[in-house]
Engineer: 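Below are the structure tokens for one structure; questions will follow.
The chains referred to below are lettered A, B, ... by the order of the sequence lines, with proteins before strands, and numbering in each begins at 1. All heavy atoms count here, side chains included; hydrogens, waters and symmetry mates do not.
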Amino acid sequence: MAEQNTSGSTTAGSIEVGTAGAGAQLAGPGTGRAEVRQPIDARVAVEPSYDVTDFPVPTGREEDWRFTPLHRLAGLHDGTAVSADKGTDKVELGLPDGVTAETVGRDDARLGKAGKPVDRVAAQAYSAFEEALVVTVPKDAVLNEPVKIDVHGEGGVRFAHVVIDVKPFAEAVVVLNHTGSGTRAANVELLVGDGAKLTFVSVQDWERDAVHTAQQTALVGRDASLKSVVVTFGGDLVRIHPRVTYSATGGEAELYGLYFADAGQHLEHRLQIDHDTPHCRSNVVYKGALQGKDAHAVWVGDVLIRAAAEGTDTYEHNRNLVLTDGARVDSIPNLEIETGEIVGAGHASATGRFDDEQLFYLQARGIPEEEARRLVVRGFFAELVQQIGVAEIHDQLMEKIESELAGVA
Amino acid sequence: MATLEIRDLHVSVEAENGPREILRGVDLTVKQGETHAIMGPNGSGKSTLAYSLAGHPKYTVTSGQVLLDGEDVLAMSVDERARAGVFLAMQYPVEVPGVSVSNFLRTAATAVRGEAPKLRTWVKEVKETMAALQMDPAFAERNVNEGFSGGEKKRHEILQLELLKPKIAILDETDSGLDVDALRIVSEGINRVRATGEVGTLLVTHYTRILRYIQPDYVHVFAGGRIVESGGPELADKLENEGYEAYVKGGAVA
Ligand SMILES: Nc1ncnc2c1ncn2[C@@H]1O[C@H](COP(=O)(O)OP(=O)(O)OP(=O)(O)O)[C@@H](O)[C@H]1O
Ligand SMILES: [Mg+2]
């Protein structure tokens with residue numbers, strides 16, 4: 001198999017041990033929590049801020065913008081999108097009993113608690129949104145069906161803000177589903193209360209011409225757990241940025257991602273996990289397939305283990321399957337460790353073509369080549385879907401994968 | 001009656017310093033109902049022969065012919081060969097992540113039989129065959145060969161052999177890595193298929209111990225990329241006593 005592997009563990013030499021600066025205090029609008037520290041990314045030159053004017057217009061040479069084709073961002077990065085045609089969404093909510101959803105103004109006290117925007121586009125979204133959606137899962141509520149937020153873009157430019165507030169000891173699955181078209185910059189805040197469990201699924205099933213950027217900022221409470229699932233199939237340019245910080249010990253974050261880039265699509269997933277608190281865990285698995293000319297997938301996984309974060313256990317893994325010539329993958333795991341007192345830390349990244357041995361084995365059992373390829377790709381993703389283990393989205397994911405597979409030849 | 005004819009087969013692999021010839025003129029005819037043991041030292045090219053017959057892309061046929069009932073096997077793709085009735089049980093079966101055994105078996109049976117087997121009889125057939133091979137039914141839901149032990153992988157190969165009912169079965173070192181019990185169970189599976197009288201078997205092995213369970217009609221000694229001696233079962237006894245020494249001296253091995 002023509003596969004390039006990079007992997008590391010605490011014993012391997014491929015880990016950067018850095019000395020990132022101390023955390024700055026967050027003073028957001030509303031009731032900013034003094035103890036929430038704001039991550040400072042090694043690769044982000046500018047201080048996080050809610051104000052778009054704090055960020056210079058990116059040129060494409062910046063570390064965090066160097067893979068993104070700026071000219072396809074529809075002006076989200078340089079301010080011109082603000083004066084472009086305002087767009088509309090059709091939003092449909094599915095709310096299990098006890099869950100509330102409110103549309104609130106910019107000054108609502110519940111906004112801005114999870115963390116600040118870290119790049120110009122996220123700050124642009126924060127500076128320009130007019131109303132926000134706040135979904136609250138009350139304390140102790142254990143939902144037995146998912147909260148559904150179906151967003152259907154009807155064209156034009158949208159700046160969006162969503163807060164998912166899961167109160168202590170509540171358990172919820174929230175599915176944010178994007179279809180339709182348009183240009184969209186969003187911030188999603190995920191507040192996972194003490195002892196709560198949130199599974200947050202973000203599906204990007206856009207029409208081929210859509211542009212979508214989103215910063216999904218999670219704050220994980222004491223002994224709380226977050227499962228983030230990011231699924232990207234559609235769009236012209238999609239750039240999703242899940243971020244995790246922990247507000248107390250015992251937090252757990254699993255970040256899964258699944259993407260399928262077809263000809264000409266740019267699908268970018270960058271994530272940051274800031275281990276600033278002792279005895280927290282994180283596990284990242286992102287898998288993608290690419291087919292067609294100029295299909296481009298970018299995966300950047302930044303994990304920072306700060307000096308205070310003793311007992312951290314973290315692993316990140318990205319795998320890409322390149323199905324045809326002319327597709328391109330940039331996969332960059334990055335682990336910075338400031339303390340040796342950890343349980344484990346590692347990363348792996350592999351980008352490969354079809355495994356000839358797998359294809360041979362299947363064909364040697366009479367299975368025609370095309371069908372064998374589909375079996376292998378379906379298996380590649382099915383493995384992840386099994387691991388994600390969220391029954392509510394299992395069928396939807398496999399169906400989407402199936403329809404993408406129709407194009408695998 | 002199905003017949004596989006191998007005529008003066010030459011095969012090369014791409015080595016670091018250019019192509020390297022591994023098979024140097026193999027001649028062999030296997031008829032339905034017959035069992036041929038191919039025995040030879042490590043590196044003599046036994047697996048190369050097996051994989052070349054199945055059409056593995058790593059091996060380049062530089063000259064010679066392979067015919068199945070007069071049809072040119074070398075002109076067929078890997079899957080066409082399998083559908084024509086050639087089956088290779090591999091020395092090192094491949095893991096296919098995310099593909100369950102039951103899905104795999106059914107997809108393969110559908111391809112080989114030309115139509116999807118009827119669900120009810122199929123499930124029964126698979127269950128019974130697995131039971132005969134003493135495979136836990138839970139294997140059906142596991143991913144193909146993933147995390148299987150060496151012995152479990154070999155049972156899984158023979159399970160496929162029994163379900164796919166080929167005309168020509170090439171078994172590459174099916175005996176290696178098996179303990180005595182597993183060797184017996186796997187051999188019984190092979191013998192069930194042989195007993196139908198509808199398969200020609202090419203039993204590739206390094207050791208004679210599997211021949212205690214499976215009586216070959218012919219034994220061929222493979223060395224240096226070709227058959228250097230052929231005989232009946234008594235030839236295996238000679239190899240058991242004397243080893244391959246006589247055949248590898250003088251640089252006969254590639
Ligand atoms: N890519 C390659 N480059 C160079 N030599 C190769 C390559 N692939 C196979 N060979 C050589 O071909 C020869 C035959 O290998 P093969 O696997 O067919 O032997 P075998 O008889 O099956 O051995 P064993 O009993 O160990 O299974 C060996 O010497 C092997 O090293
Ligand atoms: Mg071999």
Side-chain angles (χ1 to χ4, degrees), chain A residues 1-3 5 256 258 260 285-289 317-321 323 348 350-389 394 397-402 404-405 408-409, chain B residues 50-59 76-101 103-115 141-147 153 156-157 159-161 163-167 169-170 172:
Chain A
M1 178 177 187
E3 184 157 295
N5 283 287
Y256 297 109
L258 195 160
F260 205 122
V285 186
Y286 268 64
K287 278 184 158 189
H317 190 176
N318 175 230
R319 276 204 64 187
N320 294 286
L321 195 50
L323 306 180
T351 294
R353 296 186 155 266
F354 270 113
D355 186 327
D356 289 339
E357 296 302 325
Q358 289 177 2
L359 288 180
F360 173 72
Y361 188 74
L362 296 170
Q363 285 182 261
R365 299 304 178 242
I367 300 168
E369 182 172 354
E370 269 187 32
E371 202 179 341
R373 285 174 185 273
R374 278 187 222 121
L375 264 181
V376 169
V377 182
R378 191 187 290 121
F380 175 76
F381 285 121
E383 203 186 21
L384 178 63
V385 174
Q386 282 165 20
Q387 193 182 353
I388 291 171
H394 181 278
L397 289 187
M398 289 315 295
E399 263 166 43
K400 274 312 295 180
I401 291 163
E402 218 51 55
E404 291 282 345
L405 285 175
V408 173
Chain B
Y51 278 97
S52 300
L53 295 175
H56 193 290
K58 173 179 157 185
Y59 302 98
M76 300 178 194
S77 65
V78 175
D79 47 295
E80 283 168 349
R81 295 178 196 204
R83 292 198 297 275
V86 178
F87 179 89
L88 168 63
M90 292 183 207
Q91 184 173 2
Y92 303 109
V94 182
E95 297 186 2
V96 192
V99 178
S100 72
V101 167
N103 180 18
F104 165 65
L105 292 177
R106 195 169 159 79
T107 308
T110 303
V112 166
R113 298 179 188 182
E115 59 177 2
E141 295 320 312
R142 288 178 56 177
N143 293 332
V144 172
N145 292 322
E146 206 175 59
K153 284 183 182 165
H156 182 225
E157 294 295 286
L159 172 64
Q160 296 166 52
L161 169 70
L163 293 171
L164 299 179
K165 301 183 175 61
K167 291 179 184 156
I170 305 157
D172 189 8

Engineer: So which heavy atom on B:G55 is nearest to which on A:F360, and how close?
Structural biologist: C-CE1, 3.9 Å
Engineer: Is there a side-chain contact (heavy atoms from CB on, under 4.5 Å) between B:N103 and A:L375 once you walk through the steps?
Structural biologist: CA-CA 9 Å; B:N103 180 18; A:L375 264 181; 3.8 Å; yes
Engineer: Just say parallel, tilted or perpendicular for the rings of A:Y361 and B:F104, cut-offs at 30° and 60°.
Structural biologist: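 Answer is parallel, since the angle falls under 30°.
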Engineer: Which heavy atom of B:A111 sits nearest a heavy atom of A:G366, and at what distance?
Structural biologist: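 So the two residues come closest at CB-O, 3.1 Å.
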Engineer: Which pair of non-hydrogen atoms, one from B:D79 and one from A:I367, has the smallest distance, and what is that distance?
Structural biologist: CB-O, 3.4 Å
Engineer: If I compare all heavy atoms of B:G98 with all of A:A382, which pair ends up nearest, and what's the gap?
Structural biologist: O-CB, 3.9 Å
Engineer: Find out whether B:H56 and A:E357 are in side-chain contact, i.e. whether some heavy atom of one side chain is under 4.5 Å from a heavy atom of the other.
Structural biologist: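 Yes, side chains in contact.
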Engineer: Is it the backbone or the side chain of A:Q386 that comes under 4.5 Å from a heavy atom of chain B, or both, or neither?
Structural biologist: side chain
Engineer: What are the two closest heavy atoms between B:L164 and A:R365, and how far apart are they?
Structural biologist: CD1-CD, 3.9 Å
Engineer: Would you mind checking which part of B:P93 comes under 4.5 Å of any heavy atom in chain A, side chain (CB onward), backbone (N, CA, C, O), both or neither?
Structural biologist: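 Both backbone and side chain.
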Engineer: Under a 4.5 Å cut-off applied to non-hydrogen side-chain atoms, are B:T110 and A:E371 in contact?
Structural biologist: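 No - every pair of side-chain heavy atoms lies 4.5 Å or more apart.
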Engineer: With chain A, which of B:K58, B:R81, B:E146, B:R83 has the greatest number of heavy-atom pairs at distances under 4.5 Å?
Structural biologist: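 That would be B:R83.
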Engineer: Between B:V94, B:T107, B:V144, which residue shows the highest count of heavy-atom pairs closer than 4.5 Å to chain A?
Structural biologist: B:V94
